[in-house]
Undergrad: 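Dumping the structure here so I can ask a few things about it.
Count residues from 1 along the sequence. Model, not experiment: these values are computed from the prediction. Ligands are counted one by one from 1 in listed order, and the atoms in each one are counted from 1 as well.
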Amino acid sequence: MAQYTRVSGVVGLITLQNPPVNALSAVVRQGIVDKVETALSDPKVKSVVICGQNGNFCGGADIKEFGTKMFGPPLIPMIHSIEAANKPVVAAIEGSALGGGLELALGCHYRIAHSKARLGLPEVTLGLLPAAGGSQRLPRLIGVPAALNLITTGRHVTAAEALQLGIVDQVTDHNTVDAAVKFALSVAGRSLDARRISTYPCPRPSDLDALFEEVMQKVRQSARGAIAPVACVQAVRAAATLPYTQGMEREKELMATLFTSGQARAMQYIFFAQRAVGRWRMPSGASWDTSKPRPVTKAAVIGLGTMGRGIAVALARAGLSVVAVETQEKQLLEAKQAMSSMLERGAKRRGGVPALGLISYSQSIQAAADVDLVIEAVFEDMALKIEVFKQLTAVCKPGTLLCTNTSGLDVDQLASETPNPELVVGMHFFAPAHVMNLLEVVYGPRSSPQAVATAMQLGKKMGKASVAVGNCSGFVGNRMLKLYLEQASFLLEEGATPELVDRALEEFGFPMGVFRMSDLSGLDVGWRVRKAAGLAEPGEASGPSARIRKGYRYSPIGDLVCEQGRFGQKTGRGWYQYEKPGSRVARSDPWMHSFLEQYRARHGLVARSIDHQEVLERCLYSLINEGFRILEDGIAAGPEDIDVIYVFGYGWPRHRGGPMFYASMVGLAKVLERLEHYHQAHPDVPNLQPCSLLRRLVASGSPPVHMWREVRKKLHSQL
Ligand SMILES: CCCCCCCC(=O)CC(=O)SCCNC(=O)CCNC(=O)[C@H](O)C(C)(C)COP(=O)(O)OP(=O)(O)OC[C@H]1O[C@@H](n2cnc3c(N)ncnc32)[C@H](O)[C@@H]1OP(=O)(O)O
Ligand SMILES: NC(=O)C1=CN([C@@H]2O[C@H](COP(=O)(O)OP(=O)(O)OC[C@H]3O[C@@H](n4cnc5c(N)ncnc54)[C@H](O)[C@@H]3O)[C@@H](O)[C@H]2O)C=CC1
């Protein structure tokens, strides 16, 4: 709803009230319409201020209303009537003015923002475009290039940038509503002819066609297959080339296509999933609302290699004091330099001062004596990690949380080697840790809810989508990835090329196909793991037994590629060739094609033609099947957890909503049928066998994603 009061005798103050973000629900829209009418018809009122309750202007349209039957007054006429008012209307922006919230403010004649406010048109991140006039008003106000940037990326801008761009008229450090009322008094009675943005001509850059072509190419490349960014560009083009009314028609037309698209549903699902994972629950029943996190102001990172450096930088950026410990002098020096430049680059990009002073460096673990939490990031070696945890137990103050960044070792085993296993959790970051916005918080049976709550809260503070998961080999993300990689290798054996597999996955929307991605991360990493697990065997054995391990089909192709010293980008050769070691542009490699032919010939394999559909079904459905097994095992609490992990950590296209959501869109019966088909064709690949939760869901009529937890509960109660 909206509240109305008269202040200073002549200013009508309308306050939006819909906690927590004052989203424009039907009731709020009705409230605005009514209160604007009251203010405009009251002869005592000379000007109007619109603000939001509790220091928050407006988070935009109520996303929960999307996909339901819409009631209440529509936004567009509501904003038009504000703009057409004959008394000045001032938006007092505190907190956020996003989406429909900013569009409402753009309909006002003036905008005053608090210095800490954030403004933006993030609709593109929900699969939409700013369709309450935002795509038509913003370019008229700030010019086409700046509007294109904001609308196609959905980024939020600070009040200072908004002032610089011309989105707001004034920025204040004081009470924003007071400042807006004062301002409203000062402009009462003034002509509003020059304040109605919809009447402005849109500034037309001379190189209009080239500009739009360039931006269109950029958005098509950065969000492959996503339709919303393309529609955003088209809508801004309409603003630049058509009169306002026709531009609004185009905006509406484009929005109608997006609004009902599966992509918008998928992206809105991810918006809510990202928030739902914060409401974690452990199998013991402990959960986010009953477990209080411990305060963490000082943390230590042990081991400053690839991961430790990024983790320490991310902690410092979140405002924590960091003790960075590295035993090797040379590594320590290198790390210091690298971390300083990461912080400096970040500060330059985001504005602000690099948090260099927050990090202290040491070669001795003794420096971690007074920290609240430690993140260990030494080599992936259980004996070494046990030794480091022993030293930490002796050095740290009682109650210090001990977290490991292991990517594959057993967190329970590590915990059981310490006198206080309840203080141990996994904090599994993704490389590069100061850039990637995902964190798996891995709990074991003895991890205390408080330790989980603390790690989850710290992850959030570091700006990471943090997901609590159970302990198992590969946790959630890498456990599923293993199946995806396995199928990709089998496809090569059967006749595909790295290029064909990658093209299919990139057309699906991944920023990089599986082979280009592996070349980037380094092929030697997986090779080492396979050797340690007794899977990779040296030499070029032939015959069917060479492709069987522990009774199941195994592809040694990746091991053979590594034996050639081809580790990917870092060696200039991998699944592809690169101009030189470290180069990033992948080029087809004739060596790889003849290697694959020789390999097939040696193993008596006859290459067959493989199409994109098979690549997608085999790679994605096997990964999805493992996702169902993870749900069945209770390693992830719900499909949202898996989807957030895949969208934030593995490049799964957001507009497809994560693997589990995608499966629900494809139809669970179809996923089941295709898995059965492929399992029949490849009976020696047990991972293609559909798991019981998937079967049970299909038997229960393929309920929507949000009901899967219930089906799983029933399945468990019957076991
Ligand atoms: C043909 C039809 C024509 C229709 C034309 C309409 C066109 C439009 O006008 C389209 C739109 O506005 S789309 C909406 C655009 N707005 C956004 O994307 C902002 C979304 N919110 C945020 O970024 C953060 O919540 C924010 C930065 C605001 C606050 O962040 P916090 O970290 O402080 O808080 P959160 O944990 O994110 O949120 C708190 C609770 O509020 C829920 N929520 C947030 N924004 C919402 C919104 N816009 N609608 C509904 N619920 C919303 C959020 O889900 C969370 O609740 P729980 O999920 O229960 O935890
Ligand atoms: N590299 C990656 O992409 C990811 C790695 N991880 C995990 O993170 C951990 C670290 O991996 P990386 O950073 O890649 O390894 P790295 O080899 O780059 O760095 C390890 C660092 O630890 C230092 N170190 C060894 N023993 C130490 C000790 N006792 N005290 C202090 N420092 C010590 C080494 O000198 C080295 O600088 C591993 O457990 C790994 O599995 C997790 C996620 C992703």
Undergrad: Ser198 and side-chain hydrogen bond (donor to acceptor under 3.5 Å, both in side chains): which single residue from Gln136, Glu83, Arg137 fits?
TA: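 Exactly one option meets the side-chain hydrogen bond (donor to acceptor under 3.5 Å, both in side chains) with Ser198, and it is Glu83.
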
Undergrad: Please report which non-hydrogen protein atom sits nearest to atom 1 (N) of ligand 2, along with the residue it belongs to and the distance in Å to one decimal place.
TA: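 Ranking protein heavy atoms by distance from atom 1 (N) of ligand 2, first comes Met307 CG, 3.9 Å.
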
Undergrad: Walk me through whether Glu161 and Arg155 qualify under salt bridge (charged side-chain N to carboxylate O under 4.0 Å, His left out).
TA: CA-CA 12 Å; Glu161 188 178 351; Arg155 76 185 177 90; 2.7 Å; yes

Undergrad: Between Asn56 and Ser96, do the side chains contain an N or O donor and an N or O acceptor separated by less than 3.5 Å?
TA: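 Note: Asn56 and Ser96 side chains meet the donor-acceptor criterion.
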
Undergrad: If you measure only the distance, is there a donor-acceptor pair under 3.5 Å linking the side chains of Ser25 and Glu65?
TA: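 No - no donor-acceptor pair under 3.5 Å links their side chains.
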
Undergrad: Under the ring pair (Phe, Tyr, Trp, His ring centres under 6.0 Å) test, which residues partner Tyr484, sequence neighbours left out?
TA: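 Tyr484 satisfies ring pair (Phe, Tyr, Trp, His ring centres under 6.0 Å) with Phe510 once adjacent residues are dropped.
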
Undergrad: Starting from atom 19 (O) of ligand 2, find the nearest protein heavy-atom neighbour and note its residue, name and distance.
TA: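 Ranking protein heavy atoms by distance from atom 19 (O) of ligand 2, first comes Gly305 CA, 3.2 Å.
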
Undergrad: Among protein heavy atoms, which sits nearest to atom 30 (N) of ligand 2, and what does the distance come to when rounded to 0.1 Å?
TA: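 Protein heavy atom at minimum distance: Thr327 CG2, 3.5 Å.
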
Undergrad: Tell me whether atom 15 (O) of ligand 2 lies less than 4.0 Å from at least one protein heavy-atom position.
TA: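 Answer no: nothing from the protein, no heavy atom, is under 4.0 Å.
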
Undergrad: Under 6.0 Å from the CE atom of Met707, do we count more than 12 heavy atoms belonging to anything else shown?
TA: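 No - once you tally the heavy atoms of other residues, nucleotides and ligands closer than 6.0 Å, there are 12 at most.
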
Undergrad: Identify, for atom 18 (O) of ligand 2, the protein heavy atom at the shortest distance, and state residue, atom and that distance.
TA: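 Looking only at protein heavy atoms, the one closest to atom 18 (O) of ligand 2 is Thr306 N, 3.0 Å.
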
Undergrad: Without hydrogens or angle criteria, can the side chains of Glu251 and Ser135 be said to hold a donor-acceptor pair below 3.5 Å?
TA: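 Yes, because at least one side-chain N or O of Glu251 sits under 3.5 Å from a partner of the opposite role on Ser135.
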
Undergrad: Cationic tip of Arg479 within the cone over Phe475's six-membered ring, i.e. under 6.0 Å and within 45° of the normal?
TA: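 Pair Arg479/Phe475 does not count as cation-pi.
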
Undergrad: Which atoms of ligand 2 have any heavy atom of His428 under 4.0 Å away?
TA: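 That gives atoms 42 (C), 43 (C) of ligand 2.
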
Undergrad: Which word best sums up how the rings of Phe430 and His428 line up, parallel for under 30°, tilted for 30 to 60°, or perpendicular for over 60°?
TA: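 The arrangement is tilted - the two ring planes meet at 30° to 60°.
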
Undergrad: What atoms of ligand 2 come closer than 4.0 angstrom to any heavy atom of Lys385?
TA: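 With Lys385 as reference, the close atoms of ligand 2 come out as 38 (C), 39 (O).
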
Undergrad: Quick test: of every protein heavy atom, which one is nearest to atom 32 (N) of ligand 2, and how far off is it to 0.1 Å?
TA: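 Answer for atom 32 (N) of ligand 2: Gly303 CA, 3.4 Å.
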
Undergrad: Please work out, at 4.0 Å between heavy atoms, whether the side chain, the backbone, both, or neither of Phe429 comes within that distance of ligand 2.
TA: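 Looking at Phe429 and ligand 2, just backbone atoms fall under 4.0 Å.
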
Undergrad: Looking at Lys460, I'd like to know if its NZ atom is crowded, meaning that more than 12 non-hydrogen atoms belonging to other residues, nucleotides or ligands lie closer than 6.0 Å.
TA: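 It does not: Lys460 NZ has 12 such atoms or fewer within range.
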
Undergrad: If you measure every N/O of Glu376 against every N/O of ligand 2, is any gap under 3.5 Å?
TA: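 No, Glu376 has no N/O under 3.5 Å of an N/O on ligand 2.
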
Undergrad: The test is ring-ring contact (aromatic ring centres under 6.0 Å, His included); show your working for Phe661 and His655 and say whether it passes.
TA: CA-CA 10 Å; Phe661 181 86; His655 63 270; over 10 Å; no

Undergrad: Pick, from Thr406, Val378, Asn405, the option with the minimum heavy-atom distance to atom 38 (C) of ligand 2.
TA: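 Checking each option, the heavy atom nearest atom 38 (C) of ligand 2 is found in Val378.
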
Undergrad: Considering only the protein, which heavy-atom contact is closest to atom 35 (O) of ligand 2, and what is its distance?
TA: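 Answer, as residue, atom name and distance: Glu326 OE2, 2.6 Å.
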
Undergrad: Among all the protein's non-hydrogen atoms, which is closest to atom 29 (N) of ligand 2, and how far away is it?
TA: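 Heavy-atom neighbour on the protein nearest atom 29 (N) of ligand 2: Val388 CG2, 3.7 Å.
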
Undergrad: Under 4.0 Å, heavy atoms only, figure out whether ligand 2 is touched by the backbone of Glu387, its side chain, both or neither.
TA: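 It is neither part, as no heavy atom is under 4.0 Å.
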
Undergrad: List, pair by pair, the atoms of ligand 1 and of the protein that are both N or O and lie under 3.5 Å apart, giving the separation rounded to 0.1 Å.
TA:
{"residue": "ligand 1", "atom": "9 (O)", "partner": "Gly100", "partner atom": "N", "Å": "3.3"}
{"residue": "ligand 1", "atom": "9 (O)", "partner": "Glu103", "partner atom": "OE1", "Å": "3.1"}
{"residue": "ligand 1", "atom": "12 (O)", "partner": "Ala61", "partner atom": "N", "Å": "2.9"}
{"residue": "ligand 1", "atom": "12 (O)", "partner": "Gly100", "partner atom": "N", "Å": "2.8"}
{"residue": "ligand 1", "atom": "16 (N)", "partner": "Gly59", "partner atom": "O", "Å": "2.9"}
{"residue": "ligand 1", "atom": "37 (O)", "partner": "Arg275", "partner atom": "NE", "Å": "2.7"}
{"residue": "ligand 1", "atom": "37 (O)", "partner": "Arg275", "partner atom": "NH2", "Å": "3.1"}
{"residue": "ligand 1", "atom": "48 (N)", "partner": "Gly59", "partner atom": "O", "Å": "3.2"}
{"residue": "ligand 1", "atom": "48 (N)", "partner": "Ala61", "partner atom": "O", "Å": "2.8"}
{"residue": "ligand 1", "atom": "49 (N)", "partner": "Ala61", "partner atom": "O", "Å": "3.4"}
{"residue": "ligand 1", "atom": "49 (N)", "partner": "Ile63", "partner atom": "N", "Å": "2.9"}
{"residue": "ligand 1", "atom": "60 (O)", "partner": "Arg279", "partner atom": "NH1", "Å": "3.0"}

Undergrad: What's the verdict on salt bridge (charged side-chain N to carboxylate O under 4.0 Å, His left out) for Lys570 and Asp524, showing C-alpha distance, side-chain angles and the deciding distance?
TA: CA-CA 10 Å; Lys570 59 176 121 172; Asp524 51 326; 2.9 Å; yes

Undergrad: Measure the distances from the heavy atoms of Arg309 to every atom of ligand 2 and state whether one is below 4.0 angstrom.
TA: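 Judged by the 4.0 Å heavy-atom criterion, Arg309 does not count as contacting ligand 2.
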
Undergrad: Using a 4.0 Å cut-off to any heavy atom of Leu384, which atoms of ligand 2 qualify?
TA: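 In order of number, 26 (N).
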
Undergrad: Could you tell me whether Thr404 approaches ligand 2 through its side chain, its backbone, both or neither, with non-hydrogen atoms closer than 4.0 Å?
TA: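 Within the 4.0 Å criterion, Thr404 makes no contact with ligand 2.
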
Undergrad: Less than 3.5 Å apart, any donor N or O on the side chain of Glu387 or Gln391 sitting next to an acceptor on the other?
TA: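 Looking only at side-chain atoms, Gln391 and Glu387 do form a donor-acceptor pair, the distance falling under 3.5 Å.
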
Undergrad: With a cut-off of 6.0 Å (strictly less than), are more than 12 heavy atoms of other residues, nucleotides or ligands near CZ of Arg265?
TA: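 Open: at most 12 neighbouring heavy atoms sit under 6.0 Å from CZ of Arg265.
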
Undergrad: Heavy atom under 4.0 Å from ligand 2: found in Val525's side chain, backbone, both, or neither?
TA: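 For Val525, there is no contact with ligand 2 at all, from either part.
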
Undergrad: Of all the atoms in ligand 2, which lie at a distance below 4.0 Å from a heavy atom belonging to Gln331?
TA: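 Counting atoms of ligand 2 from 1, those under 4.0 Å from Gln331 are 36 (C), 37 (O).
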
Undergrad: Can you find a side-chain donor-acceptor pair between Glu376 and Thr404 that sits under 3.5 Å?
TA: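 On atom types as modelled, these side chains qualify, holding a pair under 3.5 Å.
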
Undergrad: Under 4.0 Å from ligand 2, counting heavy atoms only, is it the side chain of Gln328, its backbone, both or neither?
TA: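 Only the side chain of Gln328 comes within reach of ligand 2.
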
Undergrad: For the pair Lys116 and Glu94, evaluate salt bridge (charged side-chain N to carboxylate O under 4.0 Å, His left out) and give the outcome as yes or no after the intermediate values.
TA: CA-CA 7 Å; Lys116 294 212 168 103; Glu94 295 171 300; over 6 Å; no

Undergrad: Note the single closest protein heavy atom to atom 3 (O) of ligand 2, along with its residue, its atom name and the distance in Å.
TA: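 The answer is Ala431 CB, 3.5 Å.
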
Undergrad: Under 4.0 Å from a heavy atom of Ile302: which atoms of ligand 2 are those, numbered in the order shown and with their elements?
TA: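 Numbered from 1, ligand 2 contributes 30 (N), 31 (C).
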
Undergrad: Do Tyr646 and Asp641 pair up side chain to side chain, a donor and an acceptor below 3.5 Å, judged on atom types alone?
TA: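 Distance-only check fails for Tyr646 and Asp641.
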
